[in-house]
Amino acid sequence: ALPGPDFVMSRFDAAGARLACPLGATLRALGTENACTLWAAMLLRARVAVYHPGGVAPLLALVRCLPLLTWHRTRWEATLRGVCSLSDADDLAELKQAGSLAAGFVEPELLDMPELYDVLLDARPLKGGDGQGVSLKLMASGAALKPPAKVARQVAKTLDAVGEGASETQLVEALAAKTAELLEKAAEIAGMDEAEADASLPEGVGPFLRRLHEAEGVGAGA
């Protein structure tokens with residue numbers, strides 16, 4: 001074997017490795033409304049598919065952004081699939097059975113298989129060839145993933161406060177802080193009567209927080 005540098009686990013910056021992706025640029029490209037929806041989809045453990053026709057390397061960079069939206073969950077690898085193949089029987093079977101998944105694809109056939117996902121993150125070039133675009137599309141199964149207006153405004157305010165020149169670390173920390181606030185509120189209302197809780201909250205917030213609390217309880221510690 002050729003000599004090379006030894007890998008020392010204690011020197012490996014796992015957090016830094018997770019942050020090495022274009023989260024800020026991706027959220028800006030999506031726009032505030034779609035960025036909030038993608039954040040909610042990841043928190044609610046939806047099936048998120050990422051399509052990138054540019055090849056495996058840019059696809060993986062985009063897929064790796066998704067766990068940063070749920071930074072508090074340390075065990076995200078189990079539901080993350082960097083590259084899936086629609087021609088692989090095992091991959092296809094797993095995708096059809098998955099209740100929660102974030103998976104990447106380079107095959108355009110994915111676009112004709114909406115039954116596999118609730119949310120599509122599509123990185124096809126913009127029309128007219130004017131640069132690379134990123135768009136988000138909700139399937140019928142994902143229609144309820146859009147956060148209620150009050151929550152969306154809070155998340156949008158968080159994104160605006162961070163600013164375009166912020167580092168990925170600053171962006172992730174800001175989103176994580178807002179998520180922690182919502183998780184605390186979700187736990188608070190979990191034991192309350194639903195009608196009572198909903199009456200004390202803006203429209204749609206109660207049901208959203210209950211779904212968030214339920215999703216957080218799936219695989220405790222994940």
Side-chain angles (χ1 to χ4, degrees), residues 15-16 18-46 48 50 61-74 76 100 102 118-123 126 131-139 142-190 192 194 196-217 222:
R18 290 178 67 184
L19 288 163
C21 59
L23 177 63
T26 299
L27 296 185
R28 288 192 297 273
L30 285 173
T32 301
E33 182 178 352
N34 284 334
C36 292
T37 299
L38 181 61
W39 165 84
M42 290 301 296
L43 280 179
L44 298 177
R45 299 184 186 273
V48 180
V50 181
L62 191 53
V63 172
R64 283 171 60 85
C65 293
L66 299 179
L68 303 188
L69 299 172
T70 56
W71 184 256
H72 64 289
R73 293 178 185 159
T74 57
W76 47 267
S100 171
D118 306 310
V119 180
L120 174 66
L121 195 59
D122 187 345
L126 297 172
Q132 182 69 47
V134 182
S135 64
L136 182 142
K137 184 177 181 181
L138 287 177
M139 303 300 107
L145 291 170
K146 292 186 70 170
K150 177 66 173 180
V151 173
R153 284 195 296 269
Q154 290 179 357
V155 176
K157 186 176 180 180
T158 297
L159 294 174
D160 289 342
V162 173
E164 188 171 330
S167 67
E168 304 297 350
T169 299
Q170 291 171 315
L171 176 57
V172 168
E173 288 178 346
L175 282 173
K178 175 52 61 179
T179 299
E181 289 179 20
L182 292 168
L183 289 174
E184 184 177 350
K185 187 64 177 178
E188 179 185 321
I189 73 163
M192 295 175 59
E194 289 189 10
E196 179 185 352
D198 291 351
S200 66
L201 294 167
E203 183 178 357
V205 173
F208 177 81
L209 291 178
R210 284 190 289 274
R211 288 187 65 192
L212 178 57
H213 184 72
E214 181 181 351
E216 200 63 18

Q.
How long is the straight-line distance from CG of Leu43 back to CZ of Arg73, given to the nearest 0.5 Å?
A. 5.5 Å

**Q.** Nearest-0.5 Å distance, OG1 of residue Thr26 to CG of residue Leu69
**A.** 9.5 Å

**Q.** Interatomic spacing from CG in Leu182 to CZ in Phe208 - rounded to 0.5 Å
**A.** 6.5 Å

Q) Is a side-chain donor-acceptor pair under 3.5 Å present for Trp71 with Thr179? A) no

Q: Using side-chain contact (heavy atoms from CB on, under 4.5 Å) as the criterion, list what pairs up with Asp118, not counting sequence neighbours.
A: Ala46, Arg47, Ser141, Leu145

Identify every side-chain donor-acceptor pair in residues 183-190 under 3.5 Å, counting partners at least two apart or on other chains, and give the distances.
{"residue": "Lys185", "atom": "NZ", "partner": "Glu188", "partner atom": "OE2", "Å": "3.3"}

**Q.** Smallest separation among heavy atoms of Met192 and Ala197, with atom names
**A.** CE-CA, 3.9 Å

Sequence neighbours excluded and cut-off under 3.5 Å, please list the side-chain donor-acceptor pairs for residues 155-164, or say none.
{"residue": "Thr158", "atom": "OG1", "partner": "Gln154", "partner atom": "O", "Å": "3.0"}

Q | Salt bridge present between Glu203 and Lys150 (N-O < 4.0 angstrom) | A | no

Q.
Quick check against the 3.5 Å criterion: does Glu168 have a side-chain atom that pairs as donor or acceptor with the backbone of Pro22?
A. no

Q: Apply the side chain to side chain contact (heavy atoms under 4.5 Å, CB included) test between Pro207 and each candidate in Leu201, Leu212, Asp198; give the one that qualifies.
A: Asp198

Q) Are Leu27 and Leu68 close enough, and set up right, to give a side-chain contact (heavy atoms from CB on, under 4.5 Å), and what steps lead you there? A) CA-CA 12 Å; Leu27 296 185; Leu68 303 188; over 6 Å; no

Q: Would you give the length of the straight line joining atom CG of Asn34 to atom CG of Leu138, rounded to the nearest 0.5 angstrom?
A: 7.5 Å

Q: Could you pull out all residues at least two apart from Arg211 that satisfy side-chain hydrogen bond (donor to acceptor under 3.5 Å, both in side chains)?
A: none

Q) When rounded to the nearest 0.5 angstrom, what distance separates CG in Leu136 from CG in Asp122? A) 9.5 Å

Q | Polar side-chain atom of Arg45 near backbone of Ser100 as donor-acceptor pair, under 3.5 Å | A | no

Q.
Return the CD to CG distance between Glu216 and Leu44, rounded to the nearest 0.5 Å.
A. 10.0 Å

Q | Counterpart residues, side-chain contact (heavy atoms from CB on, under 4.5 Å), relative to Val50 (two or more places apart) | A | Leu59, Leu62, Val63, Leu66, Leu121

Q: Might you confirm whether atom NZ of Lys178 has over 12 heavy atoms from other residues, nucleotides or ligands at distances under 6.0 Å?
A: yes

(Q) Ser167: which residues meet the side-chain contact (heavy atoms from CB on, under 4.5 Å) condition with it, sequence neighbours left out? (A) Thr169, Gln170

Q | Test item: Thr70 and His72 side chains (from C-beta on) under 4.5 Å apart, heavy atoms | A | yes

